[in-house]
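To keep things clear, I will list the structure first and then write my remarks on it.
All ligand and atom numbering here is 1-based and tracks the order in the structure. These values consider heavy atoms only, across backbone and side chains, with no hydrogens, waters or symmetry-generated copies.
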Amino acid sequence: MATAAEPDPSTDPGWQPARILVTRAAMGFAHGRRIAETAAARGIEVVELSGDRLILNLPEDPRRAYVAAKRTLAVVVAPPSKRRLQPIAPSADWRMDLAEGCPAHCSYCYLAGSLKGPPITRAYANLEEIFDALPGYLGAGTITSRSRDREHEGTTFEASCYTDPLALEPITGSLSAAIRYFSAWEAPVQLRFTSKFADVAPLLSIAHGGRTRMRASVNPGAFARFEGGTAPVAARLAALRRMALAGYPVGLTIAPIIAAAGWQAAYGGLIEDAAAALAEISALDLSIELITHRFTPGSKAVLESWYPGSALDMSEVNRTTKRTKFGSEKQVYDAATMRALRDFFEARIAAELPAARILYWT
Ligand code: SF4
């Protein structure tokens, strides 16, 4: 029986887009047709386009256009350029995309600075072509493939860089397909995904072979106002427990760490809640990733237009400018704030979750 904090899969429909646009090319793939059928069966309007250009017809008013875009799922074909994988330090060797875009409304979302145009979600229909490209990257990465500490993870592929794949799963089924693909792949490989959603029911019975690591992306409940449209944190932790009990390696992505007033008590409580949620699981394989809040001038401008009046601090207080190797700038916490945060997290995790491996701090 589902607990109060846990969504009941039999009654929780998950994300329900207002409409689905399917390009002509996407209808040429069985997976694209399946997504259209699933959506239609759920009563969602399915628009089969006569060509491959997405005609969005969004309202002129920016507010309404944002809402309409966030409620639109496009089913498209990933072109060859998208099927050439990019490195994705420090999480994994390679980034693999099952989709781009996310229906949630997080006021710090990093996608705001990464994806251009209206914030619709695009799910890829040509999964087999995406999977067919993966063996070419075996052993060729620079993170787990070359790390003494993480080499046992094999070649790693991160599916959450440009989307939250679990949010889309009830309609697309793409994540389940990827888990099955990795399970059948006879090589030292691992699929990774992180999520702010909680409906893991479709994943629990998959023969995953231990080749997929799910991380729950979490922040204290006190910061829930920054994470509109996501599952409650308690539900995410409960979902992670269910995945661990189903034998999946699991993890916590504590992100973005926000040094707002009261952060010590808030994050201390979060770590305690995580420890309680993951208690008494035999052979628990738990990793932790720690990512501090950062933003670029571009992402800040987009986020301020999407979420005017958000209480999220994107001022220059406690910040310093960091230049990336590509020459762009981002605002990160200054050295003193970073030190205080890092010392706190390392100490509290060692005390509350001693079996966890911290993969990185950034
Ligand atoms: Fe962005 Fe993740 Fe929030 Fe989706 S769940 S809006 S990808 S931060």
Side-chain angles (χ1 to χ4, degrees), residues 7 12 14-17 63 65-74 86 88 91-92 95-124 158-172 174-175 192-200 214-237 239-240 251-258 260 270 289-296 298-308 310-314 330-331 362:
D12 179 6
W15 178 48
Q16 191 83 349
R63 194 70 225 140
Y66 166 85
V67 172
K70 279 280 183 178
R71 298 193 67 201
T72 299
L73 176 68
Q86 303 296 320
I88 184 68
S91 166
R95 176 188 125 202
M96 65 169 285
D97 296 331
L98 304 171
E100 269 190 10
C102 173
H105 309 276
C106 300
S107 47
Y108 50 69
C109 182
Y110 58 96
L111 294 182
S114 311
L115 299 178
K116 305 292 171 233
I120 66 165
T121 299
R122 292 172 170 80
Y124 294 135
E158 173 65 64
S160 305
C161 298
Y162 275 18
T163 189
D164 187 316
L166 190 57
L168 315 181
E169 186 62 6
I171 297 170
T172 66
S174 302
L175 183 57
R192 292 163 55 75
F193 74 93
T194 188
S195 180
K196 292 186 190 295
F197 287 76
D199 182 5
V200 294
M214 171 184 169
R215 296 100 82 211
S217 175
V218 288
N219 244 319
F223 297 162
R225 65 188 185 282
F226 301 137
E227 299 185 337
T230 62
V233 177
R236 293 178 226 168
L237 291 174
L240 198 67
L252 295 167
T253 313
I254 304 182
I257 294 168
I258 299 169
L270 175 69
E289 291 147 83
L290 299 165
I291 304 171
T292 53
H293 180 229
R294 69 258 339 268
F295 56 88
T296 65
S299 69
K300 179 179 174 179
V302 173
L303 289 167
E304 286 181 340
S305 73
W306 284 354
Y307 311 112
S310 167
L312 183 67
D313 181 18
M314 287 196 281
K330 58 184 167 189
Q331 295 297 314
T362 185

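With sequence neighbours excluded, the residues that form a ring pair (Phe, Tyr, Trp, His ring centres under 6.0 Å) with F295 are H293. Applying the side-chain contact (heavy atoms from CB on, under 4.5 Å) criterion to T194, with sequence neighbours excluded, gives S160, R215, S217, T253. Residues passing the ring pair (Phe, Tyr, Trp, His ring centres under 6.0 Å) test with Y66 are H105, W306, Y307, sequence neighbours excluded.
Side-chain N or O atoms of N219 include one that pairs as donor or acceptor with a backbone N or O of A255 at under 3.5 Å. A distance-only check finds a donor-acceptor pair linking the side chain of S305 to the backbone of V302 [under 3.5 Å].
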Hey, mind stepping through R192 and E158 against salt bridge (Lys or Arg N to Asp or Glu O under 4.0 Å) and telling me if it holds? CA-CA 5 Å; R192 292 163 55 75; E158 173 65 64; 3.6 Å; yes
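Legend: protein N/O/S atoms lying under 2.8 Å from atom 3 (Fe) of ligand 1, waters omitted, number 1.
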